[in-house]
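Labels below follow one simple rule: chain letters A, B, ... track the order of the sequence lines, proteins then strands, and each chain is numbered from 1. Note that this is a predicted model, so its numbers are computed, not measured.
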Protein chains: 2
Amino acid sequence: MVKCLEPQLDRLFGALGEPVRRAVVRDLALGEKSLSELAEPFDITLPGMMKHVAILEEAGLVMTEKRGRTRFCRLEPEALSHAQRWIEETTSFWTKRLEALATYLEEEN
Amino acid sequence: MVKCLEPQLDRLFGALGEPVRRAVVRDLALGEKSLSELAEPFDITLPGMMKHVAILEEAGLVMTEKRGRTRFCRLEPEALSHAQRWIEETTSFWTKRLEALATYLEEEN
DNA sequence: CAAACACTTAACCATTTGGTTAAGTATAGG
DNA sequence: CCTATACTTAACCAAATGGTTAAGTGTTTG
């Protein structure tokens with residue numbers, strides 16, 4: 001039996017597995033935005049966008065800060081590198097395996 | 001209003017947002033495995049593992065083939081590169097933005 | 001050919017997800 | 001101070017998720 005040792009990766013990949021949230025992540029590269037500014041391009045209510053932003057926050061992708069009556073959202077640029085690292089580790093693991101297999105087949109001749 | 005143009009990314013990131021499925025992806029780097037071999041390390045039934053493998057298949061991460069009474073699963077090594085490309089595009093977008101901001105602040109002085 | 005094996009299908013279940021509406025709270029502006 | 005703005009909270013909803021059990025189907029194997 002194996003347990004999950006990487007809940008942060010669950011949240012990170014989970015957060016990215018939704019089109020609105022990926023779009024928000026791209027939007028925020030243009031700079032800080034308020035919740036209503038984020039919601040505006042989508043056919044979505046403000047509470048709806050709040051839930052998406054909360055999920056992005058828990059995934060570590062976004063930071064929010066309230067100034068006056070406005071909540072501003074901005075990117076946490078380090079976050080994506082965790083996902084990237086997992087993918088790189090995994091593909092390099094695959095590649096090594098495939099190279100080992102190729103070597104083996106060559107020595108077979 | 002913005003629609004989703006990348007359903008494959010939804011499936012890909014969605015599939016990776018679950019610890020059992022990430023573990024399966026790593027397991028399969030060791031080579032082809034049957035459904036029961038995949039299920040064995042986890043506290044999960046065979047139908048449970050079948051659902052995970054089906055999701056990995058729809059995400060394009062895994063190929064399966066039935067030989068005799070056994071269904072073998074193997075990796076589709078190209079699949080992860082789509083996720084990697086999205087992350088790279090997004091972070092390079094961020095980086096450009098941050099560099100532009102740095103330049104702007106420098107010229108301010 | 002009978003039984004064991006490896007999966008498959010179907011039905012069900014609790015929880016989470018992605019969304020809503022409606023009624024708040026708190027700040028800004030006139 | 002009153003009102004509009006911008007968010008927040010709560011309650012609700014349908015559908016999807018991650019799991020199960022139970023009863024199949026199709027392939028070895030003795």
Counting just side-chain N and O atoms, does [X] come under 4.0 Å of either OP1 or OP2 of [N]?
{"X": "B:His52", "N": "D:dT17", "result": "no"}
{"X": "B:Arg71", "N": "C:dT8", "result": "yes"}
{"X": "B:Lys66", "N": "C:dT8", "result": "yes"}
{"X": "A:Arg21", "N": "C:dG18", "result": "yes"}
{"X": "A:Thr70", "N": "D:dA6", "result": "no"}

Whole angstrom value for the distance that separates [atom2] of [N] from [atom1] of [X]:
{"X": "B:Glu18", "N": "D:dA16", "atom1": "CD", "atom2": "C1'", "value": "14 Å"}
{"X": "A:Phe13", "N": "C:dT17", "atom1": "CZ", "atom2": "P", "value": "17 Å"}
{"X": "B:Arg22", "N": "D:dG18", "atom1": "CZ", "atom2": "P", "value": "12 Å"}
{"X": "B:Ile55", "N": "C:dT17", "atom1": "CD1", "atom2": "P", "value": "14 Å"}
{"X": "B:Leu16", "N": "D:dG18", "atom1": "CG", "atom2": "P", "value": "12 Å"}
{"X": "A:Lys51", "N": "C:dT17", "atom1": "NZ", "atom2": "P", "value": "10 Å"}
{"X": "B:Met49", "N": "D:dT17", "atom1": "CE", "atom2": "P", "value": "17 Å"}
{"X": "A:Leu35", "N": "D:dT5", "atom1": "CG", "atom2": "P", "value": "17 Å"}

Fill in: Heavy-atom closest contact (A:Ala15 atom, A:Leu56 atom, distance)
CB-CD2, 4.2 Å

Can you identify which nucleotide, out of [options], has its nearest atom closest to the [X] side chain?
{"X": "A:Arg69", "options": "D:dT5, D:dT20, C:dT8", "result": "D:dT5"}
{"X": "A:Met50", "options": "C:dC12, D:dT9, C:dG18", "result": "D:dT9"}
{"X": "A:Pro47", "options": "D:dG19, C:dT20, C:dG18", "result": "C:dT20"}

Practice prompt. Tell me what B:Gly68 touches on the nucleic acid: a base, only sugar-phosphate, or nothing, going by heavy atoms under 4.0 Å.
Written response: sugar-phosphate

Item to complete: For residues A:Thr91 and B:Pro77, determine if any side-chain heavy atom of one lies less than 4.5 Å from a side-chain heavy atom of the other.
Response: no

Discussion item. Run the salt bridge (Lys or Arg N to Asp or Glu O under 4.0 Å) test against A:Glu89 and tell me which residues pass, sequence neighbours left out.
Written reply: B:Arg26

Fill in: Common cluster, B:Ile87/A:Leu75, ILVMFWY with side-chain heavy-atom separation under 4.5 Å
yes

Fill in: Quiz item: cation-pi between A:Arg67 and A:Phe72, 6.0 Å / 45°
yes

Discussion item. Can you work out whether A:Gly17 or B:Phe72 has the more 5'-proximal nearest nucleotide on DNA chain C?
Written reply: B:Phe72

Worksheet item: If you find the nucleotide of DNA chain C closest to A:Arg67 and the one closest to A:Leu46, which residue's nucleotide is nearer the 5' end?
Response: A:Leu46

